[in-house]
Amino acid sequence: MNPREKIRLSNLNFFYGKKPILRDICLTVYPGEITAICGPSGSGKSTLLTVFNALWKDDEHARVHGTACLSLDGQHCNLLHPEITLETLRRRVGMVFQTPNPLPMSIQANVAFPLKLAGEKMSPQVAGQVENVLRRVHLWEEVKDRLHHDARQLSGGQQQRLCMARSLILEPDVLLLDEPTSSLDPEASQHIEALMVELKPLCTQILISHDPLQVQRIADRHHFLHQGRLVTQPH
């Protein structure tokens, strides 16, 4: 990897049991960009995302061969190494899912939850971090008077921005987004797209999208998966 690369996959193959899901994937992701992965359903897009945060390691039937490197603090991290610290990796690689998934707790507790998992208790400092990240996703003014209300009462678009705030509170290097606007109305989708563009100086983003117009609007680079193979690599 050279200093301009954030992630590099080389000859990556992913198997579930004996079934090949991804075949000979070669992909470079550059820092501060939105890289979109497109392709039909079942082509392996969401599976590819699990390589970046080693989520596949939670499934005993999954196997990965090849090279997958992530640059963290100037050091190259082998994502496939069996001794990689998953806790550290997942603090540095956040994820936002297709359907918003607020936890059954207050708005404030939702956003602070990753810090709680890291051993931090609610304090004025943590409350300040929650406020900062809610401002970053343009949600603070909408929720500042109901921080202790159930987060599941928010609208779909607000819930997705809340989930983005929850991922961002750990200040990840990489943010994975698995079709983050597919369940939202057009206005809410526009908010999420604008937010993604704003986040580019703060973290590298990898977006799964079925929407070619969305990719055209916000992606710096896009790649196409078909039947588990990267068949085009436009620049």
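Note that the structure is a prediction, hence the values are computed from the model and not measured. When a residue number appears, it is its place in the shown sequence, counting from 1.
Val29 and Leu202 sit in two unconnected hydrophobic clusters of ILVMFWY residues. Membership requires side-chain heavy atoms under 4.5 Å apart, directly or through other members. Hydrophobic clustering (side-chain heavy atoms under 4.5 Å, transitive across Ile, Leu, Val, Met, Phe, Trp, Tyr) groups Leu177 together with Leu199. Placement of Phe113 and Leu147 in two distinct hydrophobic clusters is found when ILVMFWY residues are connected by side-chain heavy-atom separations under 4.5 Å, directly or transitively. No path of Ile, Leu, Val, Met, Phe, Trp and Tyr side chains, each step under 4.5 Å between heavy atoms, connects Phe15 with Leu12, placing them in separate hydrophobic clusters. Phe97 and Met196 are members of different hydrophobic clusters when ILVMFWY side chains are connected at heavy-atom separations under 4.5 Å.
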Please walk me through it: do Lys121 and Val126 pass side-chain contact (heavy atoms from CB on, under 4.5 Å)?
CA-CA 8 Å; Lys121 297 181 179 180; Val126 170; over 6 Å; no
Step-by-step side-chain contact (heavy atoms from CB on, under 4.5 Å) determination, Ser41 to His210:
CA-CA 9 Å; Ser41 297; His210 272 112; 3.5 Å; yes
For Val143 and Leu162, run side-chain contact (heavy atoms from CB on, under 4.5 Å): C-alpha distance rounded to whole Å, both residues' side-chain angles, the deciding distance at 0.1 Å, then the answer.
CA-CA 10 Å; Val143 303; Leu162 177 85; over 6 Å; no
side-chain contact (heavy atoms from CB on, under 4.5 Å) for Val130 and Ile169? Distances and angles first, verdict last.
CA-CA 7 Å; Val130 170; Ile169 200 165; 4.0 Å; yes
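Counting only heavy atoms from C-beta outward, the side chains of Tyr30 and Asp220 never approach each other to under 4.5 Å. Looking only at side-chain heavy atoms (C-beta outward), Leu134 and Lys144 stay at 4.5 Å or farther from each other. By the 4.5 Å heavy-atom criterion applied to side chains, Leu70 and Val93 are counted as neighbours. Contact annotation: the side chain of Cys38 never approaches that of Pro212 to less than 4.5 Å [non-hydrogen atoms, C-beta and beyond]. In this structure the side chain of Leu9 reaches within 4.5 angstrom of the side chain of Phe52, judged on heavy atoms. Counting heavy atoms from C-beta on, the side chains of Ile192 and Val96 never come closer than 4.5 Å. Put simply, the side chain of Met122 reaches to within 4.5 Å of the side chain of Gln108, judged on heavy atoms. Two residues are said to be in side-chain contact when any heavy atoms from C-beta on lie closer than 4.5 Å; Arg8 and Thr67 fail this criterion.
Residues Ile107 and Ala151 share a closest heavy-atom pair of CG1-CA, 3.8 Å. When all heavy atoms are compared, the tightest approach of Trp56 to Ala62 is O-CB, 3.7 Å. The minimum heavy-atom distance between Gly156 and Pro100, with the atom names listed, is O-CG, 3.7 Å. The shortest non-hydrogen separation linking Pro40 to His226 is CG-ND1, 4.0 Å. Closest non-hydrogen pair, Leu80 versus Gly66, comes out as CD1-O, 3.3 Å. The minimum heavy-atom distance between Met95 and Ser167, with the atom names listed, is O-OG, 3.0 Å.
Among residues two or more places apart in sequence or in another chain, the salt bridge (Lys or Arg N to Asp or Glu O under 4.0 Å) test is passed with Asp58 by Arg90. Qualifying side chain to side chain donor-acceptor pair (under 3.5 Å) partners for Glu120, counting only residues two or more places apart in sequence or in other chains: none. Take Arg166 and apply the salt bridge (Lys or Arg N to Asp or Glu O under 4.0 Å) test, not counting sequence neighbours, and it matches no residue.
Within the model, atoms CG of Leu79 and NZ of Lys57 stand 8.0 Å from one another, a figure rounded to the nearest 0.5 Å. In this structure, CG in Asn13 is found 4.5 Å from CG in Asp24, a value given to the nearest 0.5 Å. Atoms CD1 and OH, from Ile21 and Tyr16 in turn, are 9.0 Å apart once rounded to the nearest 0.5 Å. Rounded to the nearest 0.5 angstrom, Leu175 CG and Cys203 SG are separated by 5.0 Å. Between the CD1 atom of Ile206 and the CG atom of Asp178 there is a distance of 11.5 Å, given to the nearest 0.5 Å. Separation of atoms CD (Glu142) and CG (Leu154) is listed at 9.0 Å; rounding is to 0.5 Å.
With 3.5 Å as the limit, one finds a donor-acceptor pair spanning the side chains of His65 and Arg63.
With Gln159 contributing its side chain and Asn101 its backbone, the two residues share no donor-acceptor pair below 3.5 Å. Between the Ser43 side chain and the Gln227 main chain, no donor and acceptor come within less than 3.5 Å of each other. Listed for the Ser106 side chain is a donor-acceptor partner under 3.5 Å among the backbone atoms of Ala109.
Listed by first and then second residue, the side-chain hydrogen bond (donor to acceptor under 3.5 Å, both in side chains) pairs that reach into residues 69-80 are Asp73-Arg92, sequence neighbours excluded. Among pairs with a residue in residues 127-137, those fulfilling side-chain hydrogen bond (donor to acceptor under 3.5 Å, both in side chains) read Glu131-Arg135, at least two apart in sequence or across chains. Among residue pairs with one or both ends in residues 185-198, those qualifying as side-chain hydrogen bond (donor to acceptor under 3.5 Å, both in side chains) are His138-Glu198, Glu193-Gln214, Glu193-Arg217; sequence neighbours excluded.
Salt-bridge check for Lys45 with Glu179: failed, with every basic side-chain N at 4.0 Å or more from each acidic carboxylate O.
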